[in-house]
Amino acid sequence: MHPLLVPGAWLVEGDYFPTGRPANRVKGVTEVHSSEQFPETLRIEGEIRDADEPTARPVRSTFHVDFATARSIRFRMDSLPLGTVLVGDGHFDAHILVFRYGSPDKRILGVETYVACGPNEMRTSGVVIVDGAPATAWLARLERVHR
């Protein structure tokens, strides 16, 4: 199983690269929860903020992942910053997880990868494309929180 698909918490630190603006150093946390009622469904909640501005308001996101097969998933996220729902799918093994998603009108498309560097560390990268042009990209490190 890929480490992100196992309930737990991850510290996140990395860089966002919004098109036309300076890179933004971010830090935060991502928590993965399984549903008691539907164990094949995960809720992944993330919160990031500007690492150089501790009083900055955090950006929160929640997405839902359903296991479709032993190696594939379905993805859904209500994106408040983008003002739409993003839906998609993905594939995984023990080392890599790839999500592909888009808005229903296909104006917004995105892809994210999570590469396991062991059971307690991952690297993630991704890009969001709006109306055919990159809007933002990111590269970050996730480290498992042991409780």
Side-chain angles (χ1 to χ4, degrees), residues 1-19 21 23-51 57-147:
M1 183 64 66
H2 189 275
L4 188 65
L5 301 176
V6 177
W10 299 85
L11 295 177
V12 180
E13 190 170 339
D15 295 290
Y16 272 68
F17 305 99
T19 301
R21 296 193 317 238
N24 186 19
R25 189 93 182 129
V26 296
K27 58 185 350 181
V29 66
T30 296
E31 294 187 27
V32 181
H33 308 275
S34 64
S35 168
E36 287 183 29
Q37 189 175 7
F38 302 104
E40 70 280 2
T41 298
L42 297 174
R43 186 177 77 251
I44 302 176
E45 299 173 327
E47 179 179 295
I48 58 167
R49 69 178 68 234
D50 187 326
R57 197 165 146 208
V59 175
R60 292 184 177 95
S61 62
T62 301
F63 55 96
H64 304 273
V65 172
D66 292 309
F67 290 95
T69 70
R71 296 268 183 230
S72 68
I73 53 172
R74 288 185 305 268
F75 171 95
R76 181 181 58 80
M77 176 174 136
D78 298 321
S79 177
L80 296 177
L82 297 175
T84 189
V85 172
L86 300 173
V87 293
D89 60 15
H91 298 279
F92 67 92
D93 62 23
H95 305 288
I96 191 162
L97 167 64
V98 177
F99 290 119
R100 294 174 303 269
Y101 49 83
S103 59
D105 62 6
K106 300 298 183 215
R107 284 190 58 235
I108 300 168
L109 300 171
V111 64
E112 300 181 22
T113 62
Y114 294 83
V115 177
C117 304
N120 299 314
E121 182 182 349
M122 287 184 283
R123 304 281 187 203
T124 183
S125 62
V127 64
V128 172
I129 298 167
V130 179
D131 293 329
T136 190
W138 60 91
L139 179 60
R141 178 180 178 270
L142 288 82
E143 182 179 343
R144 186 179 297 278
V145 176
H146 295 283
R147 297 180 180 185

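The structure displayed is predicted, hence computed values, not measured ones.
When all heavy atoms of Ile73 and His91 are compared, the closest pair comes out as CG1-N, 4.4 Å. Between Leu5 and Leu97, the shortest heavy-atom distance links the atoms CD2-CD2, 4.2 Å. Across His95 and Asp93, no two heavy atoms sit closer than the pair N-OD1, 2.7 Å. Minimum interatomic distance between Pro58 and Glu47 (heavy atoms only, all atoms of both residues): CB-CG, 3.4 Å. The shortest heavy-atom contact between Leu139 and Ser125 is CD1-CB, 4.1 Å. Listed here is the closest heavy atom pair of Ala23 and Pro18: CA-CD, 4.5 Å.
Ring-centre distance between Phe99 and Phe63: below the 6.0 Å cut-off.
Side-chain atoms of Ser103 do not come within 3.5 Å of backbone N or O of Leu86 as any donor-acceptor pair. With Thr19 contributing its side chain and Pro134 its backbone, the two residues share a donor-acceptor pair below 3.5 Å. Within the 3.5 Å criterion, the main-chain N or O of Cys117 finds no donor-acceptor partner in the side chain of Arg123.
Two residues are said to be in side-chain contact when any heavy atoms from C-beta on lie closer than 4.5 Å; Tyr16 and Ile48 meet this criterion. No side-chain heavy atom of Phe17 sits under 4.5 Å from any side-chain heavy atom of Val127.
Taken from CD in Glu40 to CG in Asp66, the straight-line distance is 6.5 Å, to the nearest 0.5 Å. Put simply, CD on Glu112 and CZ on Phe75 are 6.0 Å apart, with the number rounded to the nearest 0.5 Å. Note that the CG atom of Asn24 and the CZ atom of Arg49 stand 12.5 Å from one another [nearest 0.5 Å]. Once rounded to the nearest 0.5 Å, the distance linking CD1 of Ile96 with OG1 of Thr113 reads 5.5 Å. With values rounded to the nearest 0.5 angstrom, Thr30 atom OG1 is found 9.0 Å from Leu11 atom CG.
A salt bridge links Arg141 with Glu121: at least one charged nitrogen is closer than 4.0 Å to a carboxylate oxygen. Salt bridge Asp89/Arg74: absent, no basic N to carboxylate O contact under 4.0 Å. Electrostatic pairing of Arg43 and Glu31 does not count as a salt bridge here, judged by no charged N lying under 4.0 Å from a carboxylate O.
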**Request:** Give the C-alpha distance, both sets of side-chain angles, the deciding distance and a yes or no for side-chain contact (heavy atoms from CB on, under 4.5 Å) between Val26 and Val12.
**Result:** CA-CA 8 Å; Val26 296; Val12 180; 5.5 Å; no

**Request:** Please test Glu143 against Glu13 for side-chain contact (heavy atoms from CB on, under 4.5 Å), starting from the C-alpha separation and ending with a verdict.
**Result:** CA-CA 9 Å; Glu143 182 179 343; Glu13 190 170 339; over 6 Å; no

**Message:** side-chain contact (heavy atoms from CB on, under 4.5 Å) for His2 and Tyr114? Distances and angles first, verdict last.
**Reply:** CA-CA 9 Å; His2 189 275; Tyr114 294 83; 3.8 Å; yes

**Prompt:** Between Asn120 and His146, does a side-chain contact (heavy atoms from CB on, under 4.5 Å) hold up when you go through it step by step?
**Reply:** CA-CA 9 Å; Asn120 299 314; His146 295 283; 3.3 Å; yes

